[in-house]
Amino acid sequence: MIVVENLTKNFTLHNQGSAVIPVIEGAGFAVGPGECVALTGESGAGKSTVMRILYGNYLAQGGSVRIGGVDITRAEPREILALRRETLGYVSQFLRVVPRVPTLDVVAEPLLALGHEEEAAFARARDLLTRLRIPETLWSLSPTTFSGGEQQRVNIARGFAHGYPALLLDEPTASLDATNRETVLSLIEEAKAGGAAIVGIFHDLAARDRVADREIDVSAFTPRAA
Amino acid sequence: MTPLLDVQDLTKTYGGRIGCTDVSFRLYPGEVLGIVGESGSGKSTLLNCLAGHLAPDAGRVIFDTRAEGPRDVLRMSEPERRMLGRTDWAFVHQNPRDGLRMRVSAGGNVGERLMAVGARHYGDIRDQALDWLDRVEIAEDRIDDRPASFSGGMQQRLQIARNLVTGPRLVFMDEPTGGLDVSVQARLLDLIRGLVRRMGLSAIVVTHDLAVVRLLADRLMVMKDGCVIETGLTDQVLDDPQARYTQLLVSSVLQV
């Protein structure tokens, strides 16, 4: 489902003396349907950078990333948008929404964008918010004023609303209490059982051991200092 | 898929000065394209050339018309272009006073566009005007008031209602949230996003506000000195900018 080959990424900082910072060199791995792969490596090794390249958020300088038959590194913006709508989901650590939009709408939006009936989309959103224990009194409010943990859970609900065949998870269990963490882990297990290919970053070791089938140490792709 | 708008090598100079030069891009149905850049970068010149308000020196602007398929807008006759401006296109000005008739009632402002495309039944026109005032969150009892008595945010929402009532397929927006305070901006952004999704509109939004394009635009075009220096997915351009100027622009935004 996800095939990464010979991926290379540099950052060129034009306004800081055009410094070139090599971050990733020759990265390659594959993730099949129903498989969850954890990216490991210490802070700064490039885990988030790899995730962002997989999502098309960062440009790669070389190599390819094929997800569902589309090479993200070369695709047109509208192809990436279609891929993100239908195939590729991403749960980041930060929630970014239009202010004033109610939580329920935020969670249902990915389904509405795919053309699902409003009734079904909102039913799914209510179900996820209930499972993630967001009090019903908050559903009609914008999540911008919620606590960190609540925003994180709204983000997760949104990420799992549509059953994406490929899913990227950036620290999905960070800042969650035990009960909610359990819910998120079972959501991940359900997605795996449903055939989703998952790439995740988990600092929570117990969570990683439970859901991940394999680990990939990103520091293997860190270029040697010249 | 046929692009809704296919712009090829568009150039506009003012005497010896460059307005915009060699701009090419394609806009597909349902897409929102953001154009950012500092003042004087040519973004408004470009928008006005696209919308037929300025005559470019060279280039082609091919629009996929409903009746006849792709046609070069710049080679259309003036009546044809005006008809397009009343039906398939809409232009939301930065200053609502440029896009509204200030001496005509709110309802009249919306109804006028309908009459321009042939609506004649007073009751129908008024009903549609009421429906649109409601969509842009203007109270029903203000329908007979002139926009001069409205706040800036209300005027801007009225301008959007006036523009969208005829069901256009392409909307040009020049700094649609400029000059409004942030709470009103948020409301307007929410409104525009909802309308774009529900009506399947394509839009070109010119702004200098990066937060606005992040929320509104699927794709981004960065302009400097009349040239397009970077294009791509909005989040990619903002999070991993490649050009020197874009890096400067993104790193200059104040964090709240």
Side-chain angles (χ1 to χ4, degrees), chain A residues 9-21 23-24 48-49 51-61 72-85 88 90 92 94-102 105-106 108-116 118 121 142 144-145, chain B residues 1 3-4 25-34 137 177 182-198 200 202 211-221 229-252 256:
Chain A
K9 170 76 191 162
N10 308 315
F11 287 107
T12 306
L13 308 177
H14 289 292
N15 298 298
Q16 292 174 38
S18 295
V20 177
I21 304 172
V23 194
I24 291 162
S48 293
T49 302
M51 291 282 263
R52 282 167 174 258
I53 295 171
L54 293 186
Y55 196 57
N57 181 232
Y58 280 2
L59 287 180
Q61 267 65 45
I72 289 266
T73 60
R74 281 173 192 81
E76 293 281 317
R78 68 193 177 90
E79 295 175 300
I80 298 181
L81 289 170
L83 193 74
R84 287 181 181 179
R85 219 169 16 242
L88 178 64
Y90 181 44
S92 70
F94 309 100
L95 181 70
R96 205 166 235 149
V97 293
V98 180
R100 241 179 50 117
V101 176
D105 295 39
V106 168
E109 201 200 348
L111 290 170
L112 295 174
L114 278 167
H116 286 255
E118 287 205 2
S142 161
T144 41
T145 53
Chain B
M1 199 192 326
L4 186 65
F25 67 89
R26 286 174 171 183
L27 184 74
Y28 289 87
E31 269 185 342
V32 179
L33 172 72
E137 304 174 27
T177 59
V182 281
S183 62
V184 180
Q185 269 193 23
R187 193 169 175 190
L188 198 64
L189 285 176
D190 173 20
L191 174 76
I192 295 173
R193 246 176 67 131
L195 291 172
V196 165
R197 200 189 66 209
R198 277 193 293 277
S202 303
V212 167
V213 286
R214 193 187 272 277
L215 292 175
L216 271 188
D218 304 311
R219 281 165 53 202
L220 198 58
M221 210 156 87
I229 55 165
E230 188 162 352
T231 62
L233 273 180
T234 302
D235 59 295
Q236 181 262 305
V237 173
L238 294 178
D239 292 339
D240 188 16
Q242 306 293 309
R244 173 188 296 268
Y245 172 70
T246 318
Q247 292 186 353
L248 184 66
L249 192 72
V250 170
S251 64
S252 306
V256 182

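Sequence lines set the chain letters: A, B, ... in the order given, protein chains first and strands last, and positions in each chain run from 1. Any value given below was found using the heavy atoms of this structure, including those in side chains, with hydrogens, waters and symmetry copies removed.
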J.: Does any donor atom in the side chain of B:Ser202 or B:Glu31 lie under 3.5 Å from an acceptor atom in the other side chain?
T.: no
J.: Please flag which part of B:Ala243 lies under 4.5 Å from any non-hydrogen atom of chain A: side chain, backbone, both or neither.
T.: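 Answer is backbone: N, CA, C or O of B:Ala243 sit under 4.5 Å from chain A.
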J.: Report the option among A:Asn15, A:Val97, A:Leu112 that has the most heavy-atom pairs separated by less than 4.5 Å from atoms of chain B.
T.: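 Highest number of pairs under 4.5 Å: A:Asn15.
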J.: Please look at A:Gln61 and chain B and tell me whether the side chain, the backbone, both or neither of the residue comes under 4.5 angstrom of a heavy atom of that chain.
T.: side chain
J.: Just jot down the side-chain contact (heavy atoms from CB on, under 4.5 Å) partners of B:Leu233, sequence neighbours excluded, or say none.
T.: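 Here the qualifying residues are A:Pro77, A:Ile80, A:Leu81, A:Arg84, B:Asp235, B:Gln236.
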J.: Sequence neighbours left out, what passes side chain to side chain donor-acceptor pair (under 3.5 Å) with A:Arg74? Give chain and number order.
T.: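 Side chain to side chain donor-acceptor pair (under 3.5 Å) list for A:Arg74, sorted by chain: A:Asp71.
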J.: Give a yes or no on whether a salt bridge exists between B:Arg214 and B:Asp239, defined as a side-chain N under 4.0 angstrom from a carboxylate O.
T.: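 So B:Arg214 pairs with B:Asp239 through a salt bridge.
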